[in-house]
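Have a look at this one before I ask anything.
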Amino acid sequence: MRTEAVNRVKLVFTLFDADGNGFIEAADFELMAARVIEAVPDADEARKNAMLAAFRNYWTTLATELDADHDNKVSFEEYAACVLAPERFAAAISEFARSLAAMGDPDGDGLIERPVFVALMTAIGFDLPNIHALFDAFGPTAADRITVPVWVAGIEEFYAPDKAGIPGDFLVKEPAA
């Protein structure tokens, strides 16, 4: 497993552990979903519902795969074992990626504008300089937009244990001074 992948997973786990208790729980995913949905008030109800369903499926997949003692909590070790095993988690990640990108495209034109991208990524908890570095790495158009498929692929790639040197690595790098 690549160090870059482990660093990406550590960051995401920290963001999902909304209450900072060292575990992720269903309530953490509900809180994150609410933040993301609030970040794009122009998204239609179908997009909002799909995003909420994706967060809930993400949690259900984790709980089903990992919560052996049924305490409704997942530790970092349990989380890393699941999300870095594509055969166990690819469907949940793909659903999440498609739903998040759809939230970023509230007008349905297939393009995500930087302000909406920044709002969503900020709602998740990523640092602003890293968000901009990621957006730039996706190769925005002259109108400062990226395509939905580019972002979906970037999210799916972020969870790949064999990937390095990907745009998603900008989310875990220290911003340039």
Side-chain angles (χ1 to χ4, degrees), residues 1-16 29 32-33 35-37 39-40 43-44 46-62 65 79-173 175:
M1 178 178 328
R2 299 195 66 100
T3 301
E4 295 89 340
V6 173
N7 290 341
R8 293 188 301 258
V9 170
K10 285 179 184 175
L11 174 63
V12 171
F13 182 86
T14 300
L15 297 174
F16 280 144
F29 282 82
M32 183 70 65
R35 288 179 189 160
V36 168
I37 289 167
V40 186
D44 61 30
R47 282 179 171 77
K48 291 176 183 179
N49 290 337
M51 187 79 263
L52 181 58
F55 270 104
R56 287 178 175 163
N57 185 45
Y58 198 129
W59 167 250
T60 299
T61 300
L62 289 175
E65 290 281 335
Y79 180 75
C82 183
V83 298
L84 292 178
E87 68 280 1
R88 296 173 74 189
F89 206 61
I93 292 296
S94 187
E95 177 189 3
F96 176 78
R98 289 189 314 273
S99 296
L100 187 60
M103 284 292 295
D105 181 23
D107 62 6
D109 67 356
L111 298 169
I112 300 164
E113 298 169 359
R114 185 182 297 259
V116 176
F117 181 87
V118 169
L120 286 167
M121 296 297 281
T122 300
I124 292 170
F126 292 105
D127 291 331
L128 192 57
N130 300 70
I131 295 168
H132 285 291
L134 174 61
F135 192 85
D136 291 339
F138 284 146
T141 67
D144 213 22
R145 298 175 180 168
I146 60 170
T147 66
V148 167
V150 164
W151 196 16
V152 169
I155 295 167
E156 290 172 344
E157 208 175 43
F158 188 83
Y159 288 92
D162 60 338
K163 299 286 184 175
I166 62 171
D169 288 336
F170 282 101
L171 292 174
V172 296
K173 289 183 178 180

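One-based numbering along the sequence shown. Keep in mind the model is a prediction, meaning the values are calculated, not measured.
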Legend entry - Leu111 side chain near Ile146 side chain, heavy-atom distance below 4.5 Å: no

Inset, instruction - Quick one: pull up CH2 in Trp59 and OG1 in Thr61 and give me the separation to the nearest 0.5 Å. - result: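 If we round to the nearest 0.5 Å, Trp59:CH2 and Thr61:OG1 are 11.0 Å apart.
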
Inset, instruction - Under the side chain to side chain contact (heavy atoms under 4.5 Å, CB included) rule, what do Val40 and Met51 come out as? Steps first, then yes or no, please. - result: CA-CA 11 Å; Val40 186; Met51 187 79 263; over 6 Å; no

Legend entry - Close side-chain approach of Leu11 to Asn7, heavy-atom, < 4.5 Å: no

Inset, instruction - Would you check if the side chain of Arg145 reaches a backbone N or O of Gly110 as a donor-acceptor pair within less than 3.5 Å? - result: no

Inset, instruction - For residues Lys48 and Leu52, determine if any side-chain heavy atom of one lies less than 4.5 Å from a side-chain heavy atom of the other. - result: no

Legend entry - Considering all heavy atoms, the nearest Ala119-Ala39 contact: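 Looking at all heavy atoms of both residues, the shortest contact is O-CB, 3.5 Å.
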
Legend entry - Residue pair Met103 / Val36: nearest heavy atoms and the distance that separates them: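 Answer, listing the atom of Met103 first, then Val36: CE-O, 3.8 Å.
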
Inset, instruction - Report yes or no: does Arg47 contribute a side-chain atom to a donor-acceptor pair with the main-chain N or O of Ala102 at less than 3.5 Å? - result: yes

Inset, instruction - Over all heavy atoms of both residues, which pair between Ser94 and Glu156 is shortest? Give the atoms and the distance, please. - result: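 Closest approach of Ser94 to Glu156, heavy atoms only: OG-OE2, 3.0 Å.
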
Legend entry - Inter-residue atom distance Ile131.CD1 - Phe126.CZ, 0.5 Å rounding: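 Answer rounded to 0.5 Å: 8.0 Å.
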
Legend entry - pair Asp169-Arg8: side-chain heavy atoms closer than 4.5 Å: yes

Inset, instruction - Evaluate the criterion side chain to side chain contact (heavy atoms under 4.5 Å, CB included) for residue pair Ile124 and Met32; output intermediate values, then yes/no. - result: CA-CA 6 Å; Ile124 292 170; Met32 183 70 65; 4.0 Å; yes

Legend entry - Closest heavy-atom pair and its distance - Val12, Tyr159: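 What the structure gives for the nearest pair is CG1-OH, 3.5 Å.
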
Inset, instruction - Taking all non-hydrogen atoms of both residues into account, name the closest pair between Phe138 and Pro167 and its distance. - result: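 Closest approach of Phe138 to Pro167, heavy atoms only: CE2-CB, 3.6 Å.
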
Inset, instruction - Can you label the angle between the Tyr79 ring and the Phe16 ring as parallel, tilted or perpendicular, going by 30° and 60°? - result: perpendicular

Inset, instruction - Starting at CG of Leu15, measure out to CE of Met121 and round the result to the nearest 0.5 Å. - result: 9.0 Å

Inset, instruction - Classify the ring geometry between Phe55 and Phe96 as parallel (under 30°), tilted (30 to 60°) or perpendicular (over 60°). - result: perpendicular

Legend entry - Donor-acceptor pair, side chain of Asp105 and main chain of Ile112, under 3.5 angstrom: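 Between the backbone of Ile112 and the side chain of Asp105 there is no qualifying donor-acceptor contact (under 3.5 Å).
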
Legend entry - Heavy-atom pair with the smallest gap, counting every atom of Gly104 and Trp151: CA-CZ3, 4.4 Å

Legend entry - Atom pair CZ (Arg98) and CD1 (Ile155), whose distance is rounded to the nearest 0.5 Å: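 That separation rounds to 11.0 Å.
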
Inset, instruction - Determine whether Asp136 and Phe170 make a side-chain contact, defined as any pair of heavy atoms from C-beta on separated by less than 4.5 Å. - result: no

Inset, instruction - Please answer whether the main-chain N or O of Ala46 pairs with a side-chain N or O of Asn49 as donor and acceptor at a distance below 3.5 Å. - result: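 Answer holds: no.
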
